[in-house]
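Heads up: the structure comes next, in structure tokens.
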2 protein chains.
Amino acid sequence: MKVEKAAKQLEALGNPTRLKVYRALVRAGEDGLAVGQLQDKIGIAASTLSHHLHRLILTGLVTQERQATTLICRANYPAMDELVSYLVDECCLDACRPDERAA
Amino acid sequence: MKVEKAAKQLEALGNPTRLKVYRALVRAGEDGLAVGQLQDKIGIAASTLSHHLHRLILTGLVTQERQATTLICRANYPAMDELVSYLVDECCLDACRPDERAA
DNA sequence: GCCCTATTTCGATGTCTATCGAAATAATGC
DNA sequence: GCATTATTTCGATAGACATCGAAATAGGGC
């Protein structure tokens, strides 16, 4: 993963509203949550939520699937896994895995 | 860890320049790097670097220690460890540790 | 084809961010 | 206490962001 991509994803998660959205989606699991359900949970204007979702989708952290008139949002686990791996491998190796310390 | 604190730290890392700074500091290990060395590595104005360092320090991800006229910067590993733990435990449990899946 | 619900896009606004150069501060050595 | 080096603070500027309400769009049922 390039540093720019990682930074983009971190920036996407680095907003309390978006982190709450992402957290809610993770907790919802495979069923995901409709945009409207997210709005109820988080309590912001629909347009604002749509904007934040757009940013999360652009970075690949969230996916959407249409079911009739509602849009189901889901956390894209592999993307987060890749991001955490980047942080651990590239940025935190010494602290988290002393025995794997690189040259 | 509260969601606001995690978001603040993610936001701090969610800028390419700051992520490069942090990465350089991690790679420098316990010796750390002087502000001037960081500036040489990254190639931005001293004032800009100072601004970014300030943000990283405010979130606790970086520490500074003065050695004579130079300021040594170091990555604060426990902070990153805590942040990654938050992401894994609160936001990525299902994907990363299926056997520890919470209720 | 029209209505209803769900969601996005538009337009506007205030706040925050990144960046720079210049000037100010800090710490040391002489 | 002055010069030197290292770093921060100041002031300015251009661009990005978060937020809202209103209007537009999408999809489906009648």
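Each chain gets a letter, A, B and so on, in the order its sequence line appears, and its residues count up from 1. Computed from a predicted model, the values in this text were never measured in an experiment.
Looking at B:Val62 and B:Ile57, their side chains come closer than 4.5 Å, going by heavy atoms from C-beta outward. Taking 4.5 Å as the limit, some side-chain heavy atom of A:Thr70 sits within range of a side-chain heavy atom of A:Ile72. Contact check for B:Leu61 versus B:Leu25: no side-chain heavy atoms found under the 4.5 Å cut-off. At least one side-chain heavy atom of B:Met80 sits under 4.5 Å from a side-chain heavy atom of B:Tyr22. Between A:Leu13 and A:Leu83 the shortest side-chain heavy-atom distance falls below 4.5 Å.
Closest approach of B:Leu33 and B:Ala24 over heavy atoms only: CD1-O, 3.9 Å. Summarising the geometry of B:Ala79 relative to B:Gln9, their closest heavy-atom pair is O-OE1, 4.1 Å, with the distance given to 0.1 Å.
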Would you mind writing out the side-chain donor-acceptor pairs for residues 34-55 of chain A within the sub-3.5 Å range, not counting sequence neighbours?
{"unit_1": "A:Gln37", "atom_1": "OE1", "unit_2": "A:Ala34", "atom_2": "N", "d": "2.8"}
{"unit_1": "A:Gln39", "atom_1": "NE2", "unit_2": "A:Ile44", "atom_2": "O", "d": "3.3"}
{"unit_1": "A:His52", "atom_1": "ND1", "unit_2": "A:Arg18", "atom_2": "NH1", "d": "3.0"}

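The salt bridge (charged side-chain N to carboxylate O under 4.0 Å, His left out) analysis of residues 63-73 of chain B, with sequence neighbours excluded, yields the pairs B:Glu65-B:Arg74.
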Could you walk me through whether B:Lys20 and A:Val3 satisfy the side-chain contact (heavy atoms from CB on, under 4.5 Å) test, starting with their C-alpha distance in whole Å, then the side-chain angles of each, then the deciding distance to 0.1 Å, before giving a yes or no?
CA-CA 7 Å; B:Lys20 284 174 201 159; A:Val3 66; 4.0 Å; yes
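Looking at heavy-atom distances under 4.0 Å, B:Thr70 makes contact with sugar-phosphate atoms alone, never a base.
Within a heavy-atom distance below 4.0 Å of DNA chain D, the residues of residues 49-57 of chain A found are A:His51, A:His52, A:Arg55. Annotation: proximity of residues 32-46 of chain A to DNA chain C (heavy atom, distance under 4.0 Å) is found for A:Ala34, A:Val35, A:Gly36, A:Ala46, numbered in ascending order.
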Mind listing the N/O atom pairs, protein and nucleotides 26-30 of chain C, below 3.5 Å?
none

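The CG atom of B:Asn15 sits 17 Å away from the P atom of C:dC16 (whole-angstrom rounding). The distance between atom CG of B:Leu19 and atom P of C:dA18, rounded to the nearest whole Å, is 13 Å.
Remark: A:Gln67 pairs with no residue by the side-chain hydrogen bond (donor to acceptor under 3.5 Å, both in side chains) rule, at least two apart or across chains. Residues satisfying the side-chain contact (heavy atoms from CB on, under 4.5 Å) test with A:Ala7, not counting sequence neighbours, are B:Pro16, B:Leu19. Considering only residues two or more places apart in sequence or on other chains, A:Thr69 meets the side-chain contact (heavy atoms from CB on, under 4.5 Å) condition with none of them.
Nucleotides of DNA chain D lying under 4.0 Å from heavy atoms of chain B occupy a range whose first and last members, 5' to 3', are D:dA6 to D:dT9.
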